[in-house]
2 protein chains.
Amino acid sequence: MTPARAPRADAVRNRKKILAAAGEQITAHGPEVGMDEIAAAAGVAVGTLYRHFPTKTDLVVAAVAAYVARVADDAETALSRVQAGAHAVDELTAFLGRVVEASVTDRAVKAAAQTLGAEPGDRGDEDRAGTAVAALIRAGQADGDIHPDVTVSDIYLLFSTAPTDQPSAARARWLALVTPGLTTRARQAGN
Amino acid sequence: MTPARAPRADAVRNRKKILAAAGEQITAHGPEVGMDEIAAAAGVAVGTLYRHFPTKTDLVVAAVAAYVARVADDAETALSRVQAGAHAVDELTAFLGRVVEASVTDRAVKAAAQTLGAEPGDRGDEDRAGTAVAALIRAGQADGDIHPDVTVSDIYLLFSTAPTDQPSAARARWLALVTPGLTTRARQAGN
DNA sequence: GAATAAGATGAACCATGGTTCACCATCTAT
DNA sequence: ATAGATGGTGAACCATGGTTCATCTTATTC
């Protein structure tokens with residue numbers, strides 16, 4: 001067992017800067033930003049990135065984890081509104097809409113979603129999000145508004161297929177087209 | 001005006017081989033296949049590819065056009081079935097399902113779909129597909145089964161977001177979730 | 001069956017972008 | 001203050017993959 005003496009102060013500092021920069025850059029330009037750009041944004045050299053994260057994938061995963069946390073917060077907030085009396089269906093679709101809308105700016109969230117759907121993940125934020133969404137669904141089902149067979153993975157499935165690169169109008173239309181699949185009521189007119 | 005004497009026989013032959021090979025390769029491995037591989041499959045050298053198509057994009061577009069034709073055929077067949085008495089909604093959703101299912105094997109179709117949604121295209125197959133789908137929609141609306149505000153671009157929108165890389169079960173589920181957005185009836189139980 | 005233009009060839013080129021590593025700087029423990 | 005390991009640097013490396021071009025081949029024409 002390596003007792004592993006405490007990491008150096010500047011190393012900790014840099015790690016944070018890197019994570020923050022990676023987040024910003026990925027948010028702005030998607031996961032395909034170059035390591036050089038992330039390094040520059042963090043005010044470090046490329047080599048430093050590799051000291052902290054063995055591969056680019058590792059870095060992206062780590063950075064994206066922050067956005068999963070954001071989604072989890074959003075879901076929990078929505079849930080608390082429901083517990084305060086708001087309609088669950090409305091909150092759920094609004095949540096879906098917000099997350100989709102957010103993923104336009106934060107292209108990374110989309111990647112995060114795929115992570116969500118992909119692996120069980122290492123506990124934490126993913127669970128929080130899942131739990132909150134599940135509660136949201138259950139509440140809506142209790143109201144009789146959400147179809148009984150809807151599950152959390154349905155939400156992830158839909159979210160992972162959201163038309164991120166399409167114009168705002170298309171995204172709104174998409175949400176309108178997709179919502180009836182979750183609810184028990186037939187579609188209303190208009191969008 | 002260059003009278004442009006007829007192109008050489010082998011040039012014509014090669015052009016066909018290239019198009020065919022590009023189709024196969026893209027179908028098998030998606031639009032990201034290397035030019036080398038396409039050339040090899042066609043039994044030609046890379047340079048020949050570039051003699052016929054100035055850039056890779058041009059080649060892909062040309063190759064993908066063939067798949068647009070396939071989709072158009074499918075849509076027209078579905079339409080003819082409706083005219084023979086079949087239910088329009090059923091044909092439309094089945095069509096959507098088939099195309100999605102097909103795009104698992106033919107990853108290229110997906111690219112084709114994005115092309116469809118993107119530019120007006122140079123007439124032809126895209127129009128055929130659009131016309132057939134439009135007729136399908138109109139028929140379904142006449143039956144009162146399809147929501148009055150559904151348009152052809154809705155179909156394209158949905159198709160372009162289909163979960164191509166997900167397992168079969170997920171794709172089926174997706175179709176079930178998405179269908180109610182097109183119809184006037186509320187969701188049924190099960191998937 | 002030359003002559004010649006159209007076409008084919010594929011090694012080489014180049015840009016991109018992730019990754020490495022020999023060397024330098026800095027923090028921390030004594 | 002100093003040793004020495006931990007961390008940082010960034011030019012260079014390498015793999016990938018699209019694109020070019022000088023050269024050779026072959027179909028067509030007279």
I'd like to check the side-chain hydrogen bond (donor to acceptor under 3.5 Å, both in side chains) partners of [X]; sequence neighbours left out, ordered by chain and number.
X        : result
A:Arg70  : A:Asp106
B:Glu101 : B:Arg171
A:Thr164 : A:Lys110
B:Asp145 : none

Using whole Å, report how far [atom1] of [X] lies from [atom2] of [N].
X       : N      : atom1 : atom2 : result
A:Met35 : C:dT20 : CE    : P     : 10 Å
B:Lys56 : D:dT19 : NZ    : P     : 8 Å
B:Asp58 : D:dG18 : CG    : P     : 14 Å
A:Glu32 : C:dG17 : CD    : C1'   : 13 Å
A:Leu49 : C:dC21 : CG    : C1'   : 16 Å
A:Glu37 : C:dT16 : CD    : C1'   : 11 Å
B:Arg13 : C:dA6  : CZ    : P     : 18 Å

Problem - Heavy atoms from other residues, nucleotides or ligands near NE2 of B:His87 exceed 12 (cutoff 6.0 Å) - result: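 Open.
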Listed by chain and number, what are the side-chain contact (heavy atoms from CB on, under 4.5 Å) partners of [X], not counting sequence neighbours?
X        : value
B:Thr151 : B:Ser153, B:Asp154
B:Leu175 : B:Leu96, B:Thr179
A:Ile137 : A:Leu92, A:Val133, A:Gln141, A:Ile146, A:Val150, A:Val152, A:Ile155

Problem - Contact state string [nucleotides 8-13 of chain C, B base, S sugar-phosphate only, - no protein heavy atom under 4.0 Å] - result: BBB---
Handout entry: D:dG18 phosphate, OP1 or OP2, under 4.0 Å from B:Thr55 side-chain N/O
Key =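 B:Thr55 to D:dG18 OP1/OP2: no side-chain N or O under 4.0 Å.
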Practice task
Pull out every residue in residues 16-31 of chain B that has a heavy atom closer than 4.0 Å to any atom of DNA chain D, ordered by number, or say none.
Solution key: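 By residue number: none to list.
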